[in-house]
Amino acid sequence: MAAARGAASRSPLLLHHHLPQVPSTSGVVGWLRVGSLGAGRDRRRRLRGGVRIFARYSSSSQAQDFSSRLQDRAGELPKLVEDLLQTSISTGPRGAFRMAQGIQAVLGVGGEWLNDFSKTANTSAGIPAQMRLGLLSPLYLRRLFERMGATYIKLGQFIASAPTFFPPEYVEEFQNCFDRAPPVPYSEIESILLEELQRPLDSVYEYIDPVPIASASIAQVHGARLKNSQKDVVIKVLKPGIEDTLVADLNFIYVVARVLEFLSPELERTSLVAIIKDIKESMLEEVDFRKEAVNMEAFQRYIEAMGFDRQAKSPFVYRHCSTKRVLTMERLYGVPLTDLDSIRSLVPDPELTLVTALNVWFGSLISCESFHADVHAGNLWLLRDGRVGFIDFGIVGRISPSTWAAMEIFLASFATEDYKAMASALSEMGATGNDIDVNSFAKDLQKIFSSLQELDTEIIVAAARSSDATAVSANVVVDERQMNALFLDLVRVSESYGLKFPREFALLMKQLLYFDRYTRLLAPSMNMLRDERINITSNQPTIRMD
């Protein structure tokens, strides 16, 4: 993972890159079609082609054409039926329950839409464009996702973080899809702990705080103390029923995608089913805390192997009381990297703290099994002992050698403001076989990145004045919105040249933009990509800042 978006200034250049509105008759498939649009004349041609998909069915001759197209695909029908049957079997009875919940959610949000519609229908301004799409409009779809719970909240966050896959209107709206949920009663958490650990809890923990530290859609976190070592820990517990709900929801989404691709072969070009499969794998990994434990331990091994153990740390995982649904880890105490006043009270030079954080993170891109892919202020702390703490490894990334090679050139050109070299590097990374006008692309990139200096940091500083959870949460949300806004601009312009970036690039760029914010707060005179103390390439020795 996220209206502060207005704080991120927009270049006038970007106005003509917004995708055209799709008529409300296009429905959900029309929305997906927009997400696959290409560049320039190609984009307009594909859009007209996408609209024609639906126009074909408006007369009897077009209906016959549709029928003949289905006959052409008759050979694929047995495979589709088999796939749908297997998916239904794996869903089980939970599917019917989720269907009922889904209907209830649709009725609830539908009532909100009707109420809003009735207020605007008779006004002189007329019906707002987004209301004409009904529940498929970004606003009401986001509300529906929030009502549907864990799976759809995570899906909404994926939409918000994947501007290369989804239309900008949806990416922007889903920045507001917050992962907050009421806590589960402690009695239910206690039952899960007993079931998972298979022994009395007082033989493992000295005590467990029944009041949760945090509660999200998938998991709940409680403070505790281990019985023998007396170490302070936090226990992350998967909420009851979440796995069944995820499987039922994701299977339903997969079935819809398969049927849509079967009915409209043109949708296969959007790789819709492949995207859904990726989302499914990612979400199911997130509810297996053994994977997060592996990520955390791998990162700590990297820290120790590189000699960073006196400078950085990730939480220690207590394997004897961790399972697939329970993760017990060391409790770290510190302050977010945006809390400048507290940081100054802990270390004499906040700039060196930032240099350490940058070196540890950049090094992990090439020397660790995975890199931390969510370094917002809630997950990157200065600890009480002066070390940098990397927290929460639910989202990690893995970068391919080819992407990293292009990324190194991109970073070097970003540091020197060589936008032509940057355009070449991005063209290499998102290559589609099209001829790219590098000079024109470079000018567009210059306009985007010049707006980076105009991003609003005052609200970040204001939030940093208070160390309470509300301030940190507000800070994270502002970061998410502004960082995604800038990256969305980059994607819009790049796609207008026919480029399509791998998702790992999106993850990398978001983290770099977070670090840019930290730099402007902790070391405003430092250029993080040109400073000789910071190693961002794979062929330079790492400089330790002991």
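For the single chain, residues carry numbers from 1 onward in sequence order. Not measured: the values here are computed from a predicted model.
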May I ask you to decide whether Arg319 forms a salt bridge with Glu297, counting only side-chain N to carboxylate O separations under 4.0 Å?
yes
Less than 4.5 Å apart, side chain to side chain, heavy atoms only: is that true for Met329 and Met296?
yes
Any chance the rings of Phe174 and Phe145 have centres within less than 6.0 Å?
yes
Over 12 non-hydrogen atoms of neighbours within 6.0 angstrom of CD in Glu304
yes
Tell me, with the steps shown, if Ser314 and Leu332 meet side-chain contact (heavy atoms from CB on, under 4.5 Å).
CA-CA 9 Å; Ser314 62; Leu332 302 181; over 6 Å; no
Nearest heavy-atom pair of Phe371 and Leu508: which atoms, and what distance?
CZ-CD2, 3.9 Å
Do Leu238 and Gln220 come within less than 4.5 Å of each other through their side chains, counting heavy atoms only?
no
Residue set satisfying ring-ring contact (aromatic ring centres under 6.0 Å, His included) with Phe289, at least two apart, ordered chain then number -> none
Would you call Glu112 and Arg147 a salt bridge, using N to O less than 4.0 angstrom?
yes
Have Lys236 and Ser322 got a donor and an acceptor in their side chains that come within less than 3.5 Å?
no
Given Lys324, which partner from the list Glu196, Glu285, Glu243, Glu286 fulfils the salt bridge (charged side-chain N to carboxylate O under 4.0 Å, His left out) test?
Glu243
When you check the side-chain N and O atoms of Ser229 and Tyr318, is any donor under 3.5 Å from an acceptor?
no
Go through the steps to decide whether Ile189 and His222 satisfy the test side-chain contact (heavy atoms from CB on, under 4.5 Å), and finish with yes or no.
CA-CA 9 Å; Ile189 296 296; His222 289 260; 4.0 Å; yes
Please identify which of these residues, Tyr514, Phe515, Phe393, meets the ring-ring contact (aromatic ring centres under 6.0 Å, His included) condition with His372.
Phe393
Could you work out, with ring-ring contact (aromatic ring centres under 6.0 Å, His included) as the rule, every residue matching Tyr207, not counting sequence neighbours?
none
Assess, by modelled atom type and distance only, whether the side chains of Tyr333 and Asp232 contain a donor and an acceptor separated by less than 3.5 Å.
yes
